[in-house]
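Let me begin by presenting the structure, written as structure tokens, before commenting on it.
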Amino acid sequence: MSGFLALLPDVAALAGAPATLAAATADAVAPAAHGPKLQMDAWTAVLIVVLVGFLPTEVWRMLALIAGRQVEEGSEVFHWVKAVATALLAAVVARLVFAPTGLIVAVPLAVRLAALAGGVLGFYAVRRSVFAGVVVGELILIAAATYYLP
Amino acid sequence: MMLLGSFIGFGALLEGVGFPLVAGMVSTMLIWALPAQVILIGGVVSGTALPAVALAVTLSSIRLLPMVVSIAPYMRGPRRNLLAEAACAHFVAMTMWVEGLRLLPRIPGEGRVPYTLGLGSGYVAISGAGTLVGYALAGSVPGPLAAGLLLLTPLSFTVLMVRNARGATDWLALGAGLALTPLTMGLAGGLDLMIAGVGGGTLAYLVGRRLEKRR
């Protein structure tokens with residue numbers, strides 16, 4: 001793993017990518033959405049999706065099957081892996097809120113966090129209904145967005 | 001519902017950057033992990049070299065490994081069948097993991113594989129429909145609603161994780177992932193998620209299991 005990560009800067013440099021991969025990924029979407037449109041043949045794009053998107057993703061699912069064949073429900077390893085998966089998912093969510101892309105950037109971070117908190121409160125207030133929680137959170141954000149967006 | 005909204009957002013993104021719809025649909029069917037799809041499209045559109053994009057996708061998808069390992073025990077029939085397990089594993093992404101951990105333990109052993117495959121294909125179908133709708137509607141959605149669509153993924157997953165959290169370990173892991181991310185976010189691609197996820201998760205496991213055993 002550490003050897004793999006050590007390769008990172010070299011690959012990025014070789015590829016002539018922006019200074020960090022984070023910059024290449026996180027910031028790419030928002031400005032591009034307003035720039036000139038991509039000219040790309042549909043089948044080239046499908047090929048890219050399969051080679052650059054599908055294979056790097058699927059490899060982890062299949063590796064996990066092989067690595068996890070001995071892991072039984074309720075074992076200590078199972079609890080650890082589940083905790084890591086939960087924290088990872090929470091981190092993905094947090095990144096979408098703390099460093100979002102697109103129009104939602106115009107809404108201040110405090111409001112985005114308030115919408116999340118409102119969602120959780122709504123969930124508990126209305127008989128543990130996920131739908132109610134999501135509606136409350138969305139209403140907070142959309143109301144704020146009407147104020148902040150032109 | 002949340003899936004539909006998230007993928008409407010993805011469809012709108014495809015239209016906005018001019019990425020071919022067919023390829024976008026293929027990405028929903030095959031990649032079936034929204035963060036990886038957004039990174040892929042964003043990278044390609046910005047003209048980043050493909051090996052660098054592949055690396056970014058690889059890093060973002062590492063999180064699927066612990067997800068699959070922790071849900072796999074619930075997706076096995078009484079008899080082991082690697083092909084069936086591989087088909088089930090393909091459907092594991094955020095939604096399948098969260099909902100699977102809630103629904104699958106109640107399903108008897110022999111029903112788990114068909115249940116997973118059915119649920120997974122249903123989710124993918126909804127997401128495909130969302131991608132199409134988003135592509136078709138893009139540009140005609142007013143700003144505040146578009147911002148609302150972007151919140152749908154983090155909001156729905158937060159509420160779903162709160163609903164699923166039992167025991168101290170779950171709550172600690174949830175809190176650690178959320179709290180560590182603002183601190184690690186400055187680090188280069190993917191590394192921040194690894195630290196917040198593996199570090200935060202391990203910490204939550206060590207503290208949480210101790211608390212749970214005391215009772």
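A note on names: the letters A, B, ... follow the listed sequences, proteins ahead of strands, and every chain is numbered from 1.
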Determine yes or no for a side-chain-to-main-chain donor-acceptor pair under 3.5 angstrom, with [X] supplying the side chain and [Y] the backbone.
X        : Y        : result
A:Arg112 : A:Val107 : yes
A:Arg61  : B:Val68  : no
B:Arg63  : A:Leu89  : no
B:Arg102 : B:Arg163 : no

With respect to chain B, which residue among [options] yields the maximal number of heavy-atom pairs within a distance under 4.5 Å?
options                             : value
A:Thr57, A:Asp41, A:Leu55, A:Val77  : A:Thr57
A:Gly53, A:Gly119, A:Ala42, A:Ala67 : A:Gly53
A:Phe98, A:Phe78, A:Phe123, A:Trp80 : A:Trp80
A:Val93, A:Val46, A:Val84, A:Val97  : A:Val84

Spatial distance of atom [atom1] ([X]) from atom [atom2] ([Y]) [nearest 0.5 Å]:
X       : Y        : atom1 : atom2 : answer
A:Leu65 : B:His90  : CG    : NE2   : 12.5 Å
B:Phe19 : A:Ile48  : CZ    : CD1   : 6.5 Å
B:Thr58 : B:Ile62  : OG1   : CD1   : 7.5 Å
B:Glu99 : B:Leu104 : CD    : CG    : 10.0 Å

Which atoms of [X] come close to chain A, meaning under 4.5 Å heavy atom to heavy atom: side chain ones, backbone ones, both, or neither?
X        : value
B:Leu40  : side chain
B:Met161 : side chain
B:Leu101 : side chain
B:Leu180 : neither
B:Ala176 : neither
B:Trp32  : both

Given heavy-atom pairs under 4.5 angstrom as the criterion, report whether the side chain, backbone, both or neither of [X] touches chain B.
X        : value
A:Val59  : neither
A:Leu149 : side chain
A:Glu58  : side chain
A:Tyr148 : neither

Has A:Arg127 got more than 12 heavy atoms of other residues, nucleotides or ligands less than 6.0 Å from its CZ?
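Count not over threshold, so no.
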Between B:Glu85 and B:Arg112, does at least one N-O distance fall below 4.0 Å, as a salt bridge requires?
no
Under a 4.5 Å heavy-atom cutoff, which of [options] has the most pairs with chain A?
options                              : answer
B:Leu155, B:Thr202, B:Leu21          : B:Leu155
B:Val22, B:Val162, B:Leu203          : B:Val162
B:Ala179, B:Gly201, B:Pro144         : B:Pro144
B:Ala33, B:Gly208, B:Ala86, B:Gly199 : B:Ala86
B:Met67, B:Gln37, B:Met25            : B:Met67
B:Leu50, B:Leu64, B:Val26, B:Leu178  : B:Leu178

Would you indicate whether the side-chain heavy atoms of B:Cys88 and B:Val113 approach each other to under 4.5 Å?
yes
Derivation of the side-chain contact (heavy atoms from CB on, under 4.5 Å) call for B:Glu212 and B:Arg209:
CA-CA 5 Å; B:Glu212 281 164 18; B:Arg209 290 301 284 166; 3.0 Å; yes
